[in-house]
Trainee: 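Before I ask anything, let me first share the structure, which is written out below as structure tokens.
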Amino acid sequence: MTMKKFISAALVVAMAAASCADKQDLGITNNNDNNPVEQPAGDGSRTFSADFAEPIAKATPNYNESTHAVTVLWEQNDKVGVYAADGAPAEFTAQAPGASTTLNGNIIEADTYYAMYPYDAEATIAAGQISTALPATQTATADAFMAHLAVASTSSSSFSFMNVCGLVRVYVGCEHVTRIEFKGNADETVAGAITVNAATAEYALAAEGGEKVITVTPPADAATFETGAYYFSVLPQKFSQGFTVTYETADGFKELRQAGNVTIPRSSLVVGKAFTDIQGEGTVDDPFVIKTVHDLCNLSAVLSTGNPNYVKLANDIDMSGVTTWTPINNDRTLENIKEIHFDGKNHTISNFKPTSVTAGIGGDQASFFGILYGSCSNLNIVGANIDQPTMSTTAVLAGSVGYNGRGDLETNIENVHVSGSVTANKVVAGFAANFKNAKFKNCSADVDVKAADKHVGGFVARCDDAGCTAYFENCYATGNVSSTGDGSSKAASRFVGGFYGGNDKDANMTFTNCYATGNVEGDYQNGAFIAYLNGGTVTITDCYATGKVTYLAGGKSGRHIGGIVGVTKGKLNITRCYFAGSLVSGLGEAVGGVLGLAAANSEVTISNSFSIGDLTATTTDVGGMIGDNKDSKSLTIENCYASGTLTGANAGGMIGKNTKAATIKGCKHFTNVELLVGSIIGTLTEEGTNAKLTAEEAANYATASAIATQLGWDGTTTWNLTGATPTLKCFEN
């Protein structure tokens with residue numbers, strides 16, 4: 001019969017470069033003096049400074065999930081035993097909290113002083129050897145350890161404490177645990193009476209031997225362990241056949257046997273991943289099985305850094321009672337990012353509404369997954385509410401999907417749907433905030449998104465890092481999206497898009513069969529579908545956006561707004577796409593039904609696409625297709641159509657302002673523009689060759705579906721053109 005693993009078999013050991021020596025090697029003489037001699041008092045108080053030479057000591061640890069290191073701090077009124085002569089210690093008291101402190105007390109003058117933490121009136125010293133004991137029964141306190149020994153010596157007035165013991169950290173994630181036991185598989189002595197060299201922190205067993213088992217009991221006045229991290233101390237040594245950690249619950253014993261040679265030197269931290277009720281080993285053939293909200297909250301504790309983690313959801317889960325949340329995979333350190341393959345099995349997680357979210361290591365990422373690196377499929381998260389106004393990189397599903405530098409793995413998200421609301425600072429989205437080397441298919445976000453700063457999207461916010469790639473197929477966003485500015489500069493609310501916010505660096509992306517229907521509000525460089533493309537190659541095919549894009553009152557200008565894309569600086573290809581809504585700027589220019597601004601060095605092709613709706617650039621540059629063609633390398637508009645009322649000083653049926661040569665072929669419009677030749681371009685550098693439709697001709701373009709039919713769209717496989725407005729067939733089933 002195989003034993004169920006409740007701690008990962010691949011234990012992480014963060015240890016000092018030290019080996020365990022036996023009693024003879026150390027040359028330590030046991031001191032079994034049971035009649036302590038009181039230290040003579042001095043003629044006044046003495047003060048020593050005190051810190052820790054090693055990462056583990058004292059009773060208040062601060063565990064770093066990335067490095068598996070424990071940082072410790074003094075607490076005011078900590079008690080330390082100080083020795084000036086053979087006998088019992090004088091009691092000294094820590095005067096202030098922190099990484100270092102001062103110890104005050106009374107003791108005689110001596111050439112050398114010795115010290116031990118914690119203070120023990122019965123721990124005596126002789127010839128620099130402290131006789132003490134590591135208890136075999138240790139009472140647990142969550143996130144603290146109460147039976148650790150540290151010693152120091154000095155010939156001046158400064159103590160630097162060294163650890164005597166090794167430290168084991170376990171995470172209890174299941175209920176009704178009444179006892180935890182630790183023992184060596186070869187019956188090694190793990191606790192008991194010892195002598196410790198105060199100058200080197202090495203120990204030797206006392207003559208009467210020691211204890212073979214360490215028992216950890218629940219905190220005082222508690223019958224069971226609450227969920228959380230607990231620490232206990234062991235005598236450092238080599239466990240020749242490994243060790244076993246057992247815990248007892250109301251329904252019996254459960255254990256992990258760690259086989260082989262395992263060394264726990266002093267100053268080591270052995271990290272047991274978790275004691276939980278989660279079933280499975282996390283492999284592709286035996287995935288972790290999440291059945292309850294309790295399992296879900298403890299999932300992070302069982303995930304492995306070194307191997308892929310496979311997880312499946314077995315039930316619908318209601319998270320109504322979860323108010324504090326630590327996102328799954330919450331560490332941005334590359335070597336600590338865990339590969340996760342999460343299969344929701346079409347189950348639903350509801351009421352994900354944490355009021356407190358733990359900040360990630362390396363940056364905020366308030367979300368269900370901090371980093372989703374691997375895959376996620378067949379999952380619904382409904383009724384979510386993430387209200388964290390000061391946090392960034394925030395979304396319902398993940399702070400980041402994929403991660404550059406972690407490897408070549410493409411993160412795949414398929415058949416995942418989220419709904420609710422998100423309020424945060426910047427890099428904020430309904431579905432996922434950052435994304436890199438990722439593919440999204442058959443996914444949706446029905447999420448209202450509110451931010452105070454830039455990079456905001458109804459579905460995703462930012463393609464992070466130069467050269468990152470992403471694919472979107474059959475995805476949509478339906479919530480309203482807004483950014484209010486940072487309070488001092490409204491220009492902070494840039495890159496706000498109904499589907500995608502924007503990238504600061506080159507990115508190569510493909511959008512196929514996607515749409516956004518929410519209203520968008522921001523300051524400038526915003527879009528009903530995509531707000532801002534800094535560079536790279538972006539292809540948008542068979543997509544659309546509706547709703548209203550408005551500027552932020554009191555902002556920079558509300559300029560550079562587009563129905564499909566607000567601004568592009570790279571290669572942009574748009575085919576069979578449409579915008580049906582309205583765009584309103586405040587003070588500025590470059591408002592386009594499909595593209596607001598074709599910036600310098602951009603290369604733009606728009607074909608078989610149309611815009612219908614009223615477009616307003618309060619001062620200048622509004623176009624049915626493009627607001628401003630500003631020094632692009634090339635621009636082609638072919639077989640396109642625009643209609644609606646265009647308001648602005650430079651208004652054109654296709655382009656509002658054109659400062660570079662543009663190719664316009666087979667395009668029509670039915671707008672209020674009457675000013676120039678063919679009324680295709682408001683401000684010309686080359687004459688337009690296409691004309692405005694007559695009222696009789698425009699009758700053939702009376703509805704959006706009629707326009708799509710005139711442009712030759714496929715009404716059998718990709719688009720449904722039977723209604724007044726084209727819809728995508730991929731969403732009909």
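In this chain, numbering begins with 1 at the start of the sequence shown. All values below come from the heavy atoms of this structure, side chains included, with hydrogens, waters and symmetry mates left out. All figures in this text were calculated on a predicted structure; none of them were measured in a lab.
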Trainee: Judged by atom type as modelled, is there a donor-acceptor pair below 3.5 Å linking the side chain of Gln95 to the main-chain atoms of Thr101?
Mentor: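 Not a single qualifying donor-acceptor pair exists.
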
Trainee: We want to know whether Thr47 and Asn104 form a side-chain donor-acceptor pair, criterion being a heavy-atom distance below 3.5 angstrom.
Mentor: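 Note: Thr47 and Asn104 side chains meet the donor-acceptor criterion.
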
Trainee: Calculate, to the nearest 0.5 Å, the distance between atoms CG and OG1 belonging to Asp318 and Thr348 respectively.
Mentor: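 Nearest 0.5 Å value for the CG-OG1 distance: 11.0 Å.
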
Trainee: Could you tell me which non-hydrogen atom of Ala359 sits nearest to which non-hydrogen atom of Asp364, and how far apart they are?
Mentor: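 Smallest heavy-atom distance, with atoms named: CB-OD1, 3.5 Å.
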
Trainee: Between atom OG1 of Thr393 and atom CZ of Arg332, what is the distance when rounded to the nearest 0.5 Å?
Mentor: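 Result: 4.5 Å between the selected atoms.
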
Trainee: Answer whether the closest heavy-atom distance between the side chains of Asn106 and Arg46 falls below 4.5 Å.
Mentor: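 With C-beta onward as the side chain, the pair stays apart.
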
Trainee: Taking all non-hydrogen atoms of both residues into account, name the closest pair between Ala123 and Ile130 and its distance.
Mentor: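 Minimum heavy-atom separation between Ala123 and Ile130: CB-CG2, 4.3 Å.
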
Trainee: To the nearest 0.5 Å, tell me how far Ile317 CD1 sits from Lys291 NZ.
Mentor: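 One gets 11.5 Å once the value is rounded to the nearest 0.5 Å.
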
Trainee: Answer yes or no: is there a side-chain heavy-atom contact under 4.5 Å between Ile264 and Val234?
Mentor: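 Counting from C-beta outward, Ile264 and Val234 do come under 4.5 Å.
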
Trainee: Side chains of Tyr247 and Val170, heavy atoms from C-beta outward: is any pair under 4.5 Å?
Mentor: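 No, every pair of side-chain atoms sits at 4.5 Å or beyond.
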
Trainee: Distance check, rounded to the nearest 0.5 Å: Leu296 atom CG versus Asn315 atom CG?
Mentor: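 One gets 11.5 Å once the value is rounded to the nearest 0.5 Å.
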
Trainee: With under 30° as parallel and over 60° as perpendicular, where do the rings of Phe352 and Phe368 fit, or are they tilted in between?
Mentor: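 The arrangement is perpendicular - the two ring planes meet at more than 60°.
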
Trainee: Please answer whether the main-chain N or O of Lys345 pairs with a side-chain N or O of Asp343 as donor and acceptor at a distance below 3.5 Å.
Mentor: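 The answer is yes, because a donor-acceptor pair under 3.5 Å joins these two groups.
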
Trainee: Judged by atom type as modelled, is there a donor-acceptor pair below 3.5 Å linking the side chain of Thr333 to the main-chain atoms of Glu335?
Mentor: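 Pair absent, no side-chain N/O of Thr333 close to backbone of Glu335.
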
Trainee: Return the minimal non-hydrogen interatomic distance between Ile386 and Ala395, and the atom names on each side.
Mentor: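 Reported closest heavy-atom pair: CD1-O, 3.2 Å.
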
Trainee: Classify the side-chain pair Ser304/Lys338 by whether it contains a donor and acceptor separated by less than 3.5 Å.
Mentor: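 There is no such pair (donor and acceptor under 3.5 Å, judged by atom type) between the side chains of Ser304 and Lys338.
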
Trainee: Would Phe159 and Phe48 count as a close aromatic pair, with their ring centres under 6.0 Å?
Mentor: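 They qualify: ring centres under 6.0 Å apart.
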
Trainee: Using only atom types and a distance under 3.5 Å, with no angle test, would you say the side chain of Asn329 pairs donor to acceptor with the backbone of Leu372?
Mentor: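 Not confirmed, Asn329 side chain does not pair with Leu372 backbone.
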
Trainee: Within the side chain of Glu188, is there an N or O that forms a donor-acceptor pair under 3.5 Å with the backbone of Ala186?
Mentor: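 At least one qualifying donor-acceptor pair exists.
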
Trainee: Just checking Tyr117 against Phe161, ring centres under 6.0 Å apart?
Mentor: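 Centroid distance Tyr117-Phe161: not below 6.0 Å, so no.
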
Trainee: Kindly determine whether Ser233 and Leu134 satisfy side chain to side chain contact (heavy atoms under 4.5 Å, CB included), including the steps that lead there.
Mentor: CA-CA 8 Å; Ser233 296; Leu134 177 68; 3.9 Å; yes

Trainee: Would a distance-only check, ignoring hydrogens and angles, find a side-chain to backbone donor-acceptor pair under 3.5 Å from Ser367 to Phe369?
Mentor: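 Judged by distance alone, yes, a pair lies under 3.5 Å.
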
Trainee: Applying the side-chain contact (heavy atoms from CB on, under 4.5 Å) test to Phe288, which of Leu313, Val302, Asp295 qualifies?
Mentor: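 Among Leu313, Val302, Asp295, the one that satisfies the side-chain contact (heavy atoms from CB on, under 4.5 Å) with Phe288 is Val302.
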
Trainee: Within a radius of less than 6.0 Å around NZ of Lys212, do more than 12 heavy atoms belonging to other residues, nucleotides or ligands occur?
Mentor: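 Yes - once you tally the heavy atoms of other residues, nucleotides and ligands closer than 6.0 Å, there are more than 12.
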
Trainee: Going by distance alone, is a donor N or O of one side chain under 3.5 Å from an acceptor N or O of the other, for Thr215 and Thr137?
Mentor: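 No, because no side-chain N or O of Thr215 sits under 3.5 Å from a partner of the opposite role on Thr137.
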
Trainee: Evaluate the side-chain proximity of Asn309 to Leu299: yes if any heavy-atom separation is below 4.5 Å, no if none is.
Mentor: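 A side-chain contact under 4.5 Å is absent here.
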
Trainee: For a 4.5 angstrom cut-off between non-hydrogen side-chain atoms, does Tyr203 reach Thr195?
Mentor: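 No, side chains not in contact.
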
Trainee: Starting from the C-alpha separation in whole Å, work towards a yes-or-no answer on side chain to side chain contact (heavy atoms under 4.5 Å, CB included) for Leu235 and Leu205.
Mentor: CA-CA 10 Å; Leu235 292 179; Leu205 292 169; 3.9 Å; yes

Trainee: Are the side chains of Pro118 and Val80 in touch, meaning some heavy atoms are under 4.5 Å apart?
Mentor: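 The answer is no; the side chains never approach within 4.5 Å.
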
Trainee: Between Phe243 and Phe239, how do the two ring planes meet: parallel, tilted or perpendicular, split at 30° and 60°?
Mentor: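 Geometry flag for Phe239 against Phe243: perpendicular rings.
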
Trainee: Hey, could you give me the CD1/OH distance between Ile337 and Tyr373, rounded to the nearest 0.5 Å?
Mentor: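 If I round to the nearest 0.5 Å, the distance is 8.0 Å.
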
Trainee: Where is the tightest heavy-atom contact between Ala198 and Tyr114, given as atom of each residue plus distance?
Mentor: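 Where Ala198 meets Tyr114 most closely, the heavy atoms are CB-CD2, 3.4 Å.
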
Trainee: Take Ile107 and Tyr83, measure what side chain to side chain contact (heavy atoms under 4.5 Å, CB included) needs, and give me the verdict at the end.
Mentor: CA-CA 8 Å; Ile107 198 167; Tyr83 304 83; 5.6 Å; no

Trainee: Name the orientation class of the two ring planes belonging to Tyr310 and His341 (parallel below 30°, tilted from 30 to 60°, perpendicular beyond 60°).
Mentor: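 Tyr310 vs His341 ring planes: parallel.
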
Trainee: Salt bridge between Arg179 and Glu181, side-chain N to carboxylate O under 4.0 Å?
Mentor: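 Salt bridge present between Arg179 and Glu181.
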
Trainee: Could you give the distance from CD1 (Ile194) to CG (Leu149), rounded to the nearest 0.5 Å?
Mentor: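 Ile194 CD1 to Leu149 CG: 5.5 Å, rounded to 0.5 Å.
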
Trainee: Between Asn351 and Ser320, is there a side-chain donor-acceptor contact under 3.5 Å, judged purely by atom types and distance?
Mentor: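 There is such a pair (donor and acceptor under 3.5 Å, judged by atom type) between the side chains of Ser320 and Asn351.
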
Trainee: Quick check: are there more than 12 heavy atoms from other residues, nucleotides or ligands sitting under 6.0 Å from CD of Glu226?
Mentor: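 No, the 6.0 Å shell around CD holds no more than 12 heavy atoms from other groups.
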
Trainee: Distance-only, no hydrogens or angles: does the Asn425 side chain make a donor-acceptor pair with backbone N or O of Pro389 under 3.5 Å?
Mentor: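 Side chain of Asn425 to backbone of Pro389: no pair is present.
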
Trainee: Write down the atom of Ile328, the atom of Ser300, and the distance for their closest heavy-atom approach.
Mentor: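 Answer, listing the atom of Ile328 first, then Ser300: CA-OG, 3.4 Å.
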
Trainee: Determine, stepwise, if the pair Thr154 / Ser157 fulfils side chain to side chain contact (heavy atoms under 4.5 Å, CB included).
Mentor: CA-CA 7 Å; Thr154 184; Ser157 60; over 6 Å; no

Trainee: Indicate yes or no for a side-chain donor-acceptor contact from Asp86 to the backbone of Ala127 under 3.5 Å, with no hydrogens or angles considered.
Mentor: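 Yes, Asp86 side chain to Ala127 backbone: donor-acceptor pair under 3.5 Å.
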
Trainee: Using modelled atom types only, decide if a donor and an acceptor are shared between the side chain of Asp78 and the backbone of Trp74 within a distance under 3.5 Å.
Mentor: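 Answer holds: no.
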
Trainee: Tell me whether Thr394 contacts the main-chain N or O of Ser392 through its side chain, where contact means a donor paired with an acceptor under 3.5 Å.
Mentor: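 Side chain of Thr394 to backbone of Ser392, a donor-acceptor pair under 3.5 Å: yes, one is there.
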
Trainee: A side-chain contact here means heavy atoms from C-beta on lying under 4.5 Å apart; do Thr217 and Gln138 qualify?
Mentor: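 No. Closest side-chain heavy atoms not under 4.5 Å.
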
Trainee: Given side chains that start at C-beta, do those of Val311 and Val289 come closer than 4.5 Å, heavy atoms only?
Mentor: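 No - every pair of side-chain heavy atoms lies 4.5 Å or more apart.
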
Trainee: To check you understand the geometry: which heavy-atom pair defines the closest contact between Tyr119 and Pro89, and what is its length?
Mentor: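 Tyr119 and Pro89 have their closest heavy atoms at CE1-CG, 3.7 Å.
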
